[in-house]
2 protein chains.
Amino acid sequence: MSSSTGTSTVEPRRISMTPGAQRALDAASRLFYEHGIHAVGVDLIAAEAGVTKKTLYDRFGSKEQIVVEYLAARDERWRAFLAERLKTEQGAAERILAVFDASRAWADENSPRGCSMVNAHAEISDPSHPAYAIITGQKKWMLALFTDLARGIDRGRDRQRGRQQGRERGGGSAAQLGRTLMLLHEGALVARGLGIFKDPVAQAREEASRLIGASGAGSAGGAGTAGGANRESATGSTSA
Amino acid sequence: MSSSTGTSTVEPRRISMTPGAQRALDAASRLFYEHGIHAVGVDLIAAEAGVTKKTLYDRFGSKEQIVVEYLAARDERWRAFLAERLKTEQGAAERILAVFDASRAWADENSPRGCSMVNAHAEISDPSHPAYAIITGQKKWMLALFTDLARGIDRGRDRQRGRQQGRERGGGSAAQLGRTLMLLHEGALVARGLGIFKDPVAQAREEASRLIGASGAGSAGGAGTAGGANRESATGSTSA
DNA sequence: CCGCAACTATACAGATCGGTATAGTGGTAC
DNA sequence: GTACCACTATACCGATCTGTATAGTTGCGG
C-alpha cells in the first residue's frame with residue numbers, strides 16, 4: 001500500500017547534461033558535500049569546473065536547481081548502487097544485511113562525512129523547497145524498503161513457528177522491525193560522519209543480524225526466487 | 001578509562017553575558033537552529049535581538065564565536081537537562097530508558113528539526129574549527145554514557161547468569177551494547193528531524209528496552225543506590 | 001556555407017556578507 | 001562629577017553573493 005509509491009514521483013532532470021553541465025554538476029556535488037550547500041558559491045563551482053558562470057546559468061538557471069540536480073543525481077546513484085547489490089541476494093534476511101553492506105561500501109567511497117540527504121536537510125528548512133521532497137523521498141523509500149524486507153522476515157518466522165500473530169519478542173510487526181532497522185541504519189550513517197567510533201555501519205549490521213536472526217530464523221537457504229513483497233523496492237528505478 | 005574525560009575540557013565561556021549579549025545569543029540560537037548557520041547573517045541576528053552590530057562585536061568578537069557560544073550553551077543545557085532526569089533513576093536499565101525519555105521530551109520542545117550538533121556538523125567541515133570539538137565532544141560523551149550504563153546491564157546479566165563472560169547473544173560486551181544504543185539514539189533524532197515516521201524516539205526506546213531486557217534482566221527493583229559505573233556520567237557538569 | 005548549440009570572456013548589477021569606525025546616550029558607582 | 005559600562009545610531013569598508021548582459025569563438029550537421 002505505502003511501499004514504493006510513497007508520495008510523488010521524482011520528476012526526471014529536464015536539463016540537457018552537456019559536457020560543461022556535467023563538469024559543473026560534478027564539481028558542485030563534491031563541493032556541496034564537502035563544505036555544505038550555503039558555504040559554496042556559484043563562482044567557486046564555475047571555477048572548479050572550468051566553466052563560466054554564463055554556462056552554469058544557461059544550463060541550470062539557478063543555484064537552487066543545481067542543488068536539486070545534485071541531490072537527485074545522488075539519490076539516483078545510491079538507488080542504482082543498492083539495487084545492484086540486492087539483486088544477487090534472495091532471502092529477506094540476506095537482503096537486509098546486504099543493505100547494510102551496500103551502505104558501508106557506499107559510505108567508504110562516497111560519504112565519509114555522513115548522509116548527503118541528512119546534511120542537506122540541515123541546511124534546507126523550507127519544506128516547499130524543491131530539494132526537500134527529494135530528501136524526504138529517499139528516506140521514506142528506505143523505510144519502505146526495510147519494512148518490505150521485514151515483512152519477509154516476519155513471514156519466515158510465522159512459517160517456522162506455526163502462524164503466531166507476529167508481535168511478540170524480537171521486533172513484532174514488520175512495520176516495527178522495519179523502523180528499527182531504519183533507526184540503526186540512519187544512526188550508523190550519522191555516527192560515521194561524526195567519526196565517534198570505528199565502523200558504525202558494521203556495528204549496525206551486526207545488530208540487525210541479531211535482530212532478524214534472534215529466533216533462529218533462516219540464515220541460509222532462503223526459499224525460492226525472492227518473495228514478491230520486496231520486488232518493486234529493489235528494481236524500482238527512479239520513482240518515489 | 002575513556003569515559004567522562006574524553007578529549008579535552010570545553011573551555012567555559014569567557015564573554016560577559018550582558019543583557020544585550022544574552023538577547024543576541026538567544027536570537028542567534030533560534031535562527032541558527034531553524035535556518036542553518038551559514039544561512040543566517042549577523043545583521044539579521046542583531047535585528048532580531050534588538051541590538052546593534054556594534055554590541056554584537058563588542059561582546060562576541062566574531063560570528064564564529066557566536067556559533068561556538070550557541071553550541072556550547074546548547075550542549076550545556078542538554079547535559080543539565082539529562083542529568084536532572086537521570087538522577088532520580090537508580091538501575092542501569094532504568095537510566096538507559098530515561099535517556100531516551102529525556103531525549104524525547106527535549107526534542108519535543110527544543111529539537112523538532114533534529115540534533116543541533118549533527119546539523120551544525122553538516123555545515124562545519126573543518127575539524128580545526130573551534131565548534132568542531134564541541135560537536136564531537138558531546139557525541140563522545142553520549143557514547144561514554146551509554147557504554148557506562150551498558151556496563152551496569154552487563155554486570156546485572158553476569159550476576160543473574162552466574163558469571164558468563166559477557167559476549168554472547170544480546171549485545172555482548174558493554175562497549176558493543178553502548179554503541180548499539182548510541183546508534184538507535186542518533187538514528188531516532190535524525191528520523192525525527194526528517195519526519196519520516198511518528199515518534200522515532202519512542203520506537204528507539206522500545207527497541208532499547210527489548211535489548212537490555214532481552215534475557216529478562218531487571219526491569220523493576222534495580223539494586224541499591226546506583227552503581228558507581230555511571231556516577232560521573234550523570235553528574236559531570238560541563239567537562240568533556 | 002550557413003545556422004545552431006555550446007561554449008569563453010568580461011563586465012556589471014544590486015544585495016548581502018563579516019567586520020570596523022565614529023559619535024553619542026543613559027545609568028551607576030566611587 | 002567624573003569615569004566607566006552597556007548600549008544606540010549610522011555610516012562605511014572590501015569582499016562575496018546570486019544573477020544578467022554583451023560580445024565573440026569553436027565545432028558540427030544539413
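We use all heavy atoms of the structure for the numbers below, so side chains are in, but hydrogens, waters and symmetry mates are not. So that the names make sense, note that chain A is the first sequence line, chain B the second, and so on, each numbered from 1.
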>> Holding to ring pair (Phe, Tyr, Trp, His ring centres under 6.0 Å), I want the full list of residues that pass it with A:Phe197, two or more places apart in sequence or in another chain.
In response: none
> With B:Tyr70, which residues qualify under ring pair (Phe, Tyr, Trp, His ring centres under 6.0 Å), at least two apart?
Replying inline: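 Scan of B:Tyr70 (ring pair (Phe, Tyr, Trp, His ring centres under 6.0 Å), adjacent residues dropped) gives B:Phe32.
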> Do B:Gln176 and A:Glu206 have side-chain N/O donor and acceptor atoms under 3.5 Å apart?
Replying inline: yes
> Will you find, in the side chains of A:Ser103 and A:Arg85, an N or O donor that is under 3.5 Å from an N or O acceptor?
Replying inline: no
> What pairs with A:Arg113 under side-chain contact (heavy atoms from CB on, under 4.5 Å), at least two apart in sequence or on another chain?
Replying inline: A:Tyr33, B:His121, B:Ser125
With [X] via salt bridge (charged side-chain N to carboxylate O under 4.0 Å, His left out) - residues at least two apart:
| X | value |
| --- | --- |
| A:Glu48 | A:Arg30 |
| A:Asp199 | A:Arg104 |
| B:Arg77 | none |
| A:Arg205 | A:Asp101 |

Would you tell me if any nitrogen or oxygen in the side chain of [X] comes within less than 4.0 Å of OP1 or OP2 on [N]?
| X | N | answer |
| --- | --- | --- |
| A:Thr18 | C:dC7 | yes |
| B:Thr55 | D:dT8 | yes |
| A:Arg59 | C:dC7 | yes |

> Counting side-chain heavy atoms from C-beta on, which of D:dT8, C:dA6, C:dT8 comes nearest to A:Val51?
Replying inline: C:dT8
Donor-acceptor contacts, no H, no angles, side chain residues 35-47 of chain A, under 3.5 Å, sequence neighbours left out:
| residue | atom | partner | partner atom | Å |
| --- | --- | --- | --- | --- |
| A:His38 | ND1 | A:Glu123 | OE1 | 3.3 |
| A:Asp43 | OD2 | A:Lys53 | NZ | 3.4 |

When the distance from [atom1] of [X] to [atom2] of [N] is rounded to whole Å, what number comes out?
| X | N | atom1 | atom2 | result |
| --- | --- | --- | --- | --- |
| B:Ile66 | C:dC17 | CD1 | P | 13 Å |
| A:Gln65 | D:dT18 | CD | P | 15 Å |
| A:Ile45 | D:dT16 | CD1 | C1' | 14 Å |
| A:Asp58 | D:dT20 | CG | C1' | 10 Å |
| A:Leu56 | C:dT8 | CG | C1' | 13 Å |
| A:Phe60 | D:dT18 | CZ | C1' | 16 Å |

> With A:Gln22, which residues qualify under side chain to side chain donor-acceptor pair (under 3.5 Å), at least two apart?
Replying inline: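 For A:Gln22, the residues satisfying side chain to side chain donor-acceptor pair (under 3.5 Å) (neighbours in sequence not counted) are A:Asp26.
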Interface polar pairs with nucleotides 25-30 of chain C, N/O, under 3.5 angstrom:
none

Please tabulate the protein-to-nucleotide N/O contacts below 3.5 Å involving nucleotides 18-24 of chain C, giving atom names and distances.
| residue | atom | partner | partner atom | Å |
| --- | --- | --- | --- | --- |
| C:dG18 | OP1 | B:Lys63 | NZ | 2.7 |
| C:dG18 | OP2 | B:Val42 | N | 2.8 |
| C:dG19 | OP2 | B:Tyr57 | OH | 2.9 |
| C:dG19 | OP2 | B:Lys63 | N | 2.8 |
| C:dG19 | N7 | B:Lys53 | NZ | 2.8 |
| C:dG19 | O6 | B:Lys53 | NZ | 2.2 |

N/O contacts under 3.5 Å, protein versus nucleotides 28-30 of chain D?
none

